[in-house]
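Keep in mind that what you see is a predicted model, and the values were worked out from it rather than measured. Index from 1, following the sequence.
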Amino acid sequence: MTVTKGYRDKIYIIKDIILLLAQYGELNQTSLVSYSGLNLKKHKHIIDELEARQIITKTALQDGKRKITIYRVTAKGMEFCRNIIEPYEDLFPRKTNTDSSKLGLLILV
């Protein structure tokens with residue numbers, strides 16, 4: 001049986017990316033996409049937008065013929081996560097699979 005993850009709002013994807021980079025210090029592109037559960041083709045624009053807004057930084061390293069892309073979170077990114085995203089998640093917590101599958105009990109009197 002295949003378990004699929006549900007829809008994740010963009011704000012939560014951004015938070016996951018920032019927290020992963022903060023936790024590991026730096027990640028290559030493959031690891032970042034894998035650990036955050038993203039599809040590179042579908043979500044590359046989010047990573048590029050975070051880089052353009054200086055929330056994360058990208059460094060390209062040449063290893064022989066291979067080009068390795070390394071991402072790091074910036075101080076601005078950590079501040080953004082603390083001041084904007086965490087209060088947002090406090091107000092609008094993520095939905096879990098158990099929340100969506102709960103059925104209300106109907107009592108007829």
Side-chain angles (χ1 to χ4, degrees):
M1 180 176 186
T2 305
V3 177
T4 59
K5 290 187 176 183
Y7 174 79
R8 221 180 346 167
D9 287 330
K10 184 178 176 181
I11 192 79
Y12 298 125
I13 292 172
I14 291 170
K15 181 179 181 186
D16 292 344
I17 290 170
I18 292 171
L19 291 180
L20 276 170
L21 291 175
Q23 179 182 0
Y24 289 98
E26 66 182 27
L27 288 172
N28 65 29
Q29 181 173 285
T30 304
S31 297
L32 177 62
V33 170
S34 176
Y35 292 167
S36 58
L38 301 177
N39 179 315
L40 184 59
K41 288 186 178 184
K42 286 174 60 177
H43 299 102
K44 179 80 165 103
H45 71 280
I46 295 174
I47 296 171
D48 291 341
E49 184 179 341
L50 292 174
E51 183 193 3
R53 295 180 189 272
Q54 299 174 344
I55 293 174
I56 62 174
T57 60
K58 175 172 80 171
T59 307
L61 302 174
Q62 199 69 29
D63 183 25
K65 292 183 178 181
R66 289 183 9 172
K67 181 180 174 184
I68 302 171
T69 304
I70 304 291
Y71 291 99
R72 291 181 185 90
V73 68
T74 63
K76 181 180 178 182
M78 289 303 299
E79 183 179 332
F80 174 74
C81 189
R82 268 192 301 276
N83 296 334
I84 306 295
I85 299 177
E86 287 177 2
Y88 177 86
E89 189 164 12
D90 289 341
L91 290 172
F92 306 102
R94 298 182 197 209
K95 293 181 181 174
T96 61
N97 289 341
T98 57
D99 291 343
S100 62
S101 64
K102 288 183 182 175
L103 297 176
L105 179 61
L106 177 62
I107 300 175
L108 298 174
V109 181

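From Lys15, atom NZ reaches atom CZ of Arg94 across 6.0 Å, with rounding to the nearest 0.5 Å. Interatomic distance, CD of Glu26 versus CD1 of Ile56, reported as 13.0 Å (0.5 Å rounding). Atoms NZ and CG, on Lys58 and Leu50 in that order, are 12.0 Å from each other to the nearest 0.5 Å.
A continuous path of ILVMFWY side-chain contacts below 4.5 Å connects Ile13 to Met78, so both sit in one hydrophobic cluster. A chain of hydrophobic side-chain contacts below 4.5 Å, direct or via other Ile, Leu, Val, Met, Phe, Trp or Tyr residues, connects Ile55 to Leu20. Both Tyr12 and Tyr35 sit in one connected hydrophobic cluster of ILVMFWY residues. Membership requires side-chain heavy atoms under 4.5 Å apart, directly or through other members. If you chain together hydrophobic residues whose side chains sit under 4.5 Å apart, Ile47 and Ile68 never meet in one group. There is a path of hydrophobic side-chain contacts, each under 4.5 Å, that joins Val73 to Ile84.
Judged purely by atom type and a 3.5 angstrom limit, Lys76 uses its side chain to pair as donor or acceptor with the backbone of Arg53. Asn28 places a side-chain N or O within donor-acceptor distance of the main-chain N or O of Thr30, the cut-off being under 3.5 Å. Side chain of Thr69 to main chain of Ala60: no donor-acceptor pair is present (N/O by atom type, distance under 3.5 Å, no hydrogens or angles).
Tyr88 and Phe92 have tilted rings, their planes meeting at an angle from 30° to 60° on a 0 to 90° scale.
For the residue pair Cys81 and Leu19, the shortest heavy atom distance occurs at SG-CD2, 4.0 Å. The two residues Asp16 and Arg8 have their closest heavy-atom pair at OD2-NH1, 2.5 Å. Of all the heavy atoms in Ile85 and Ile14, the pair that sits closest is CD1-CG2, 3.8 Å.
With Ile17 as the partner, the side-chain contact (heavy atoms from CB on, under 4.5 Å) test is satisfied by one option alone out of Val33, Leu38, Leu27: Leu38.
In this structure the side chain of Arg72 never reaches within 4.5 angstrom of the side chain of Leu21, judged on heavy atoms. The closest side-chain heavy-atom distance from Lys44 to Gln29 is below 4.5 Å.
Heavy atoms from other residues, nucleotides or ligands lying under 6.0 Å from CD of Glu79 number 12 at most.
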